[in-house]
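Have a look at the structure below before the remarks.
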Amino acid sequence: MGSSLNRRQFLACLAVSAGSPFVARIAAAATNLRVASLDWALTETMITLGHDPIAIVGASDWDRFVVEPRLPAGIADLGLQPEINFELLAELKPDLILTSPFIQELEPLLGKIAPIIRLSIFEKGPVPLAQPRAVTEALGERLECVKATQSFLANADRLFDQFRQRVLALDPLPLMLLNFVDARHARVYGGAGLYQNVLDRLGLSNAWSGGTNYWGFSTVGIEKLATRESLRLIAFEPIPPDTLPTLQGSPLWSQLPFVRAGHVSVLPPVLMFGAMPSALRFARLLVEHLESFSK
Amino acid sequence: VSTSDRGYGPVYLTLGLASLTGVSVAVLIASPISHVLSQARAPVYYDPVRMVLLYSTLPRLVMAALCGAGLAASSAILQQVLQNPLASPTTLGIDAGARLALALAILFVPSLFGIGRDTVALIGSATSALLVFTLVRRREFSAISIVLAGLVVSLYCGALSAILVLVKDRTLTSLFIWGSGSLSQQSWGPGIGLAVRFGLMAVPISLLVRPLSLLDLGDESVRSLGLSVTKLRLLAIGAAVVLSAFVTSAVGVIGFIGMVAPIIARLAGARRFGERLLWSSLIGALLLLLTDATLQNLAGLSSEFIPTGAVTAVLGSPLLLFLLPRLKVVTRPLPNMATGRGWAFSIRASLPILATVFALLLCLAILVGRGPSGEWQIIPMRQWSEVMPWRLPRLGAAASAGALLGVAGLILQRLTGNEMASPEVLGVSAGAILAVAVSLFAVSGIGRVGESVFATAGGFSVLGAILVLGRHSGFAPERVLLAGIALNALIDAVVGVLSSTGDPRAITLLYWMAGSTSGTTSADAVNAGIATIFLVGASLLTVRWLAILPLGGPHAKALGVPIARARFLLLLLASILTATATPILGPLTFVGLMAPHIVLVIGIRRILPALLSVAAVGAVIMTTADWLARTVAFPIQLPTGLIAAMVGAPFLMMLLNRRSAST
C-alpha cells in the first residue's frame with residue numbers, strides 16, 4: 001500500500017512553478033481494480049489519485065480540453081460519451097464502471113457488464129468545491145485508497161489556501177470569465193459552475209451579474225458585456241481566429257473601460273465540467289497569470 | 001385568392017404591420033434614448049446604455065430590416081422563377097449547405113475565417129443550390145419536387161454536419177447559434193457591409209424584373225422578346241441565391257421570413273411581379289423587425305439565450321400551414337411513377353439474389369469487426385459471449401426498422417405518385433422528435449424506455465393531426481406532405497433553440513435524432529422483429545390499392561377503389577410503420593426514400609414482389625449502415641441512422657439524376 005505521499009512527492013506538489021506538472025500523481029494504485037470511467041471529471045480524479053482507469057470516453061479530445069493531468073498511455077478509448085462502444089467495454093471486462101447523471105439512462109445496460117457507481121460532480125454544495133471534494137472522497141473509498149485521497153485533499157486545501165493568500169495580496173479586480181463562441185457571442189461563467197466554485201474558494205468576485213443556467217453559464221451577445229465597471233476579462237482558449245480582430249472594429253468593445261485598460265487575459269482551457277484536479281489547474285493558471293503582470 | 005380591387009391591399013397591410021413594428025421598436029428604444037438625452041448635459045466616459053443603444057440596438061434594428069428584406073426579395077424571385085409558392089432559400093437547402101461548409105471550415109481549415117465566414121457560407125450555399133437544381137432540372141421545376149429535393153439536400157447536409165457536431169461538439173458550439181440566426185450586433189460594420197452588397201445587387205435585380213414578370217404569361221412570351229428562358233432562370237436564381245447567402249453569412253439562418261413574406265404580399269393583392277418584389281421586401285423587413293424587437297422586449301423574461309431565427313421558424317411554420325391552403329397550388333393529376341430503365345432481371349432471379357446478398361451481409365456484419373486494439377478480425381468464438389449480446393440486438397433492430405421504413409416509403413411513393421416522398425417528410429418522425437425533446441427537458445430521468453414511449457406517442461399524435469386535417473382535402477397527398485414539411489421545419493427550429501442555449505441535454509437529443517442504436521437490448525430487437533413481421537404482413541393486404549391508386553383518381557374510382565378510405569388507410573399504415581421504426585433509428589435515415597428506388601432500378605414493378613423486396617432492401621441498407629457505424633471510426637461508434645443517410649443519400653442523388661436524364 002504505497003498510497004501515502006512520501007516527502008519528495010509532497011514537495012513536488014508544493015512546487016507550483018509554471019510549466020511543471022502540477023498535481024503530482026500519487027505513486028502506485030492501492031488495488032488492481034479494473035475501472036472504466038465514463039466521465040472526464042471522474043477520470044481526472046482517478047488519474048490524480050494514482051489509480052488509472054483501463055478505459056475512458058473521449059480519449060482523443062482529452063489533450064485539447066482537459067490537458068492536465070496527462071492521460072497515461074495504454075488507456076482504451078470507448079468513443080463518444082452518448083454512443084459508448086459497449087462491445088469493446090464488454091471485451092475489456094472491467095470490475096467497476098463509473099458513470100455520471102449525464103448517462104444515467106445507460107446504467108441498466110452497463111450493469112450487465114460490471115457493477116456501477118454514479119457520482120455527480122454537478123450539485124451545488126454548501127461550501128465551494130464541496131461536491132468535487134465529496135466525489136473525490138467517495139471515489140477514494142471505493143478504490144480503497146483512502147489515505148492517498150486524504151493526503152491529496154489536504155494538499156489541495158493547502159494549495160488553495162496559498163493561492164488565496166497570493167491572489168488576495170494582489171488586490172485583484174473582479175473577474176469576468178468567458179469563452180468566445182464566435183465574433184458576436186460569448187459564454188459567460190458563474191452560478192453553480194466549477195469556475196465560480198474556484199473564485200469563491202479563492203475569495204475572488206465574479207463581475208458577471210447577469211445570471212446563468214443550471215450548468216453555470218450563460219450564452220450572450222457580446223454587447224451584454226458593456227459596463228463601466230473596472231474588471232478583468234478572462235477568456236479561455238480556444239478563441240475563434242476572427243473574434244478579436246472583429247471586436248477591435250467595434251467601438252462598443254474597443255472603448256470598453258476594461259478593454260482600454262488592457263484588462264483582457266487569455267488562459268489555456270480548463271475543463272468546465274471537471275473536478276478537483278481541474279479546479280486546482282484553474283486556480284494555479286489564474287494566480288500565476290495575475291502575478292505575471294503585477295510584479 | 002381574394003384581391004382588393006384597386007391594389008391598395010398591400011399598402012394597408014404594410015401600414016398596419018409598420019405601426020405594430022413601430023410600437024414594438026418604440027418600447028424597445030424609448031428608455032435608453034431618454035436616458036441618453038438626460039445624460040447629454042453631463043456626458044460620462046463610456047456610458048454603457050448609450051454605447052449599447054448606438055452600437056448594438058440600433059445597428060441590430062437596421063440589420064433585422066435588411067435581413068428580412070433580403071430574404072423576402074430572394075424568395076420572391078425564387079417563387080417567380082420557379083412559379084412555385086414554396087420556393088425559398090431554406091426550402092431549397094441553401095442554408096444547410098452553408099452550415100455544412102462552415103462546420104467543415106471550422107474543423108479543418110480555421111484559417112479560412114481570415115478571409116471571412118461569408119465566403120465560406122457563400123460557397124456552401126452555392127454548392128447545395130446547384131445540387132438541388134441538378135436533381136430537379138428535368139422535372140420542369142415542379143412545386144413539390146423542388147421542395148422535396150431541397151429537403152433531401154438539407155437533410156443530407158444536415159446529417160453530415162450533425163455527425164461533425166456530435167463527434168466534435170465542443171469545437172462546433174458556434175454552429176448551434178449560427179443555425180438559429182442570432183441578430184446580435186456590436187457595430188455598424190456588418191449592417192453597412194450588407195447594405196452595400198444589397199446595393200450592388202439592386203441594379204442586376206431591377207434589370208431582371210421585367211423579363212421575370214413575363215414568366216407569368218408563359219415561357220413563350222419571354223422567348224418572343226428574344227430572351228432565353230433558361231438563361232433568365234439561371235441568372236435570376238443565381239441572384240436570389242447570392243442575396244440570401246449574403247444574409248445567411250452575416251447572421252446565420254433566419255427561417256421562414258423569406259417564404260412567408262411573398263405569400264402574404266400575394267394574398268394581400270400584389271399581382272404583378274414587380275409589385276410583389278417591392279411589397280414582399282417591405283413586409284419581410286417589417287416582419288423580422290417586429291419579431292426581433294418584440295423578442296428583445298421580452299428577453300428579460302427568460303435568462304436563456306433565444307436567437308431570432310429560431311423564433312421566426314417556430315412562428316413561421318404554423319403560419320405557413322395556415323396560408324398555404326389559401327393559395328392556389330396548381331394541383332396536377334397524380335403523375336405515374338416515372339419509369340426508368342431497370343436492369344432486366346426477372347423477379348424470379350432477383351428475389352433469390354437479394355436474399356443471398358442479405359445473408360452474406362448479415363454474416364459480414366455479425367462476424368467481421370475490429371478487435372480491442374483496432375485490428376480487423378473475424379471475431380474469435382471465445383469472445384462471442386461478450387460481444388454478441390451487444391452486436392446482435394442492434395443489428396436486428398436496425399434491420400427491422402430498415403424493412404419497416406422501406407415499406408412505408410414504397411407505400412407513400414405509390415400513394416402520392418411522387419418519387420421523392422418518404423416517411424421522413426411525413427411529419428411522423430418529426431412528432432416523435434418533438435415528444436422526445438419535451439420528455440428530455442420537462443420530465444427528468446425517464447430513461448430509454450420512457451423515451452421510446454414518448455417518441456411513439458409523439459409520432460401517433462402527429463399522425464392523428466394529419467388525419468384530422470387531411471380529411472378536408474380527402475387526404476390529398478400533396479397537402480399531407482406539405483404539412484409534414486412545415487412540421488419538420490418547426491422541429492428544426494425547436495431543436496435549434498434548445499441547442500443554442502448550450503444545454504448538455506441538447507446533445508442527448510441530437511444523438512436521439514441521429515439514430516443511435518447503441519445499447520439496443522434484445523427485448524427491443526425482438527419487439528421490433530415481431531412488429532416488422534406483423535406490419536409488413538399487413539401491408540401485403542393493400543396490394544390491390546397500391547396497384548390501382550397510381551393510375552389516378554378517375555381510373556381508380558372506375559375500378560371500384562374507395563379513394564378517400566384507401567388513402568386514409570394507406571396513410572395510416574405508412575405512419576404506423578414509420579412511428580414504429582423512428583424510436584429505433586431516428587428520423588434521418590433516408591431508407592424509406594432509397595429502398596423503393598433501388599427496387600425500381602433492379603426492375604421489380606409488380607407490387608407484391610416490390611413490397612417484399614423493398615423490405616429486404618431496407619434491411620440490407622441498415623445492416624450495412626450498422627456495420628459501418630461500428631467499424632469505420634473504431635473505437636468511436638457513430639450513430640447508425642446518420643451513417644445510413646451518409647451512405648444512402650449520394651447514391652440516391654445519383655439514381656435520381658440518372659433516371660431524370662433517361663426520362
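Chain letters run A, B, ... following the sequence lines, proteins first and then strands; every chain starts at 1. All values below come from the heavy atoms of this structure, side chains included, with hydrogens, waters and symmetry mates left out.
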Which heavy-atom pair separates A/L109 from B/T521 by the least distance, and what is that distance?
CD2-CG2, 3.4 Å
Heavy-atom pair with the smallest gap, counting every atom of B/S184 and A/G221
OG-CA, 3.4 Å
Give the minimum heavy-atom separation between A/A226 and B/P48, together with the two atoms involved.
O-CB, 3.9 Å
Evaluate whether atom NZ of A/K93 has more than 12 neighbouring non-hydrogen atoms of other residues, nucleotides or ligands under 6.0 angstrom away.
no
Residue B/R50 versus chain A: region with a heavy atom under 4.5 Å:
neither
How long is the gap from CD on B/Q637 to CZ on A/F86, to the nearest 0.5 Å?
8.5 Å
Rounded at 0.5 Å granularity, tell me how far CD1 in B/I636 sits from CD1 in A/I84.
12.5 Å
Starting at CD of A/E91, measure out to OG of B/S385 and round the result to the nearest 0.5 Å.
10.0 Å
With a 4.5 angstrom heavy-atom cut-off, could you sort out which part of A/A59 is near chain B: side chain, backbone, both or neither?
neither
What distance separates A/N85 CG from B/S518 OG, expressed to the nearest 0.5 Å?
8.0 Å
Is chain B contacted by the side chain of A/K112, its backbone, both, or neither, given a heavy-atom distance below 4.5 Å?
side chain
Around A/E229, counting heavy atoms of other residues, nucleotides and ligands shown, do more than 12 lie under 6.0 Å from its CD?
no
So, the part of B/L54 with a heavy atom under 4.5 Å from chain A: the answer is neither
Please rank A/L92, A/L110, A/L80, A/V57 by heavy-atom pairs under 4.5 Å with chain B and give me the top one.
A/L80
Taking every non-hydrogen pair under 4.5 Å, which of A/S250, A/A90, A/G79, A/P251 racks up the most with chain B?
A/P251
Proximal component of A/D61, with respect to chain B [non-hydrogen, under 4.5 Å]:
side chain
Leading residue by heavy atom contact count with chain B [cutoff under 4.5 Å; candidates A/L247, A/V220, A/L78, A/I113]:
A/I113
Are any of the side-chain heavy atoms of B/Y46 and A/L256 separated by less than 4.5 Å?
yes
Closest non-hydrogen contact found for B/P635 with A/D77 is CB-O, 3.0 Å
Report the distance from atom CZ of B/R630 to atom CD of A/E87, rounding to the nearest 0.5 Å.
5.5 Å
Considering only heavy atoms from C-beta outward, does the side chain of B/Q185 approach that of A/E223 to under 4.5 Å?
no
What residue among A/T246, A/L225, A/I222 forms side-chain contact (heavy atoms from CB on, under 4.5 Å) with B/Q186?
A/I222
Side-chain contact test, heavy atoms from C-beta onward, threshold under 4.5 Å: evaluate it for B/W390 versus A/L88 and give yes or no.
no
Which atoms of B/P639 are under 4.5 Å from chain A, going by heavy atoms: the side chain, the backbone, both sets, or neither?
both
Checking A/E83 against B/L638 for the side chain to side chain contact (heavy atoms under 4.5 Å, CB included) test, could you report, in this order, the C-alpha distance in whole Å, the side-chain angles of both residues, the deciding distance, and whether it holds?
CA-CA 7 Å; A/E83 183 88 25; B/L638 299 168; over 6 Å; no
With heavy-atom distances below 4.5 Å as the criterion, would you say the side chains of B/I177 and A/T219 are in contact?
yes
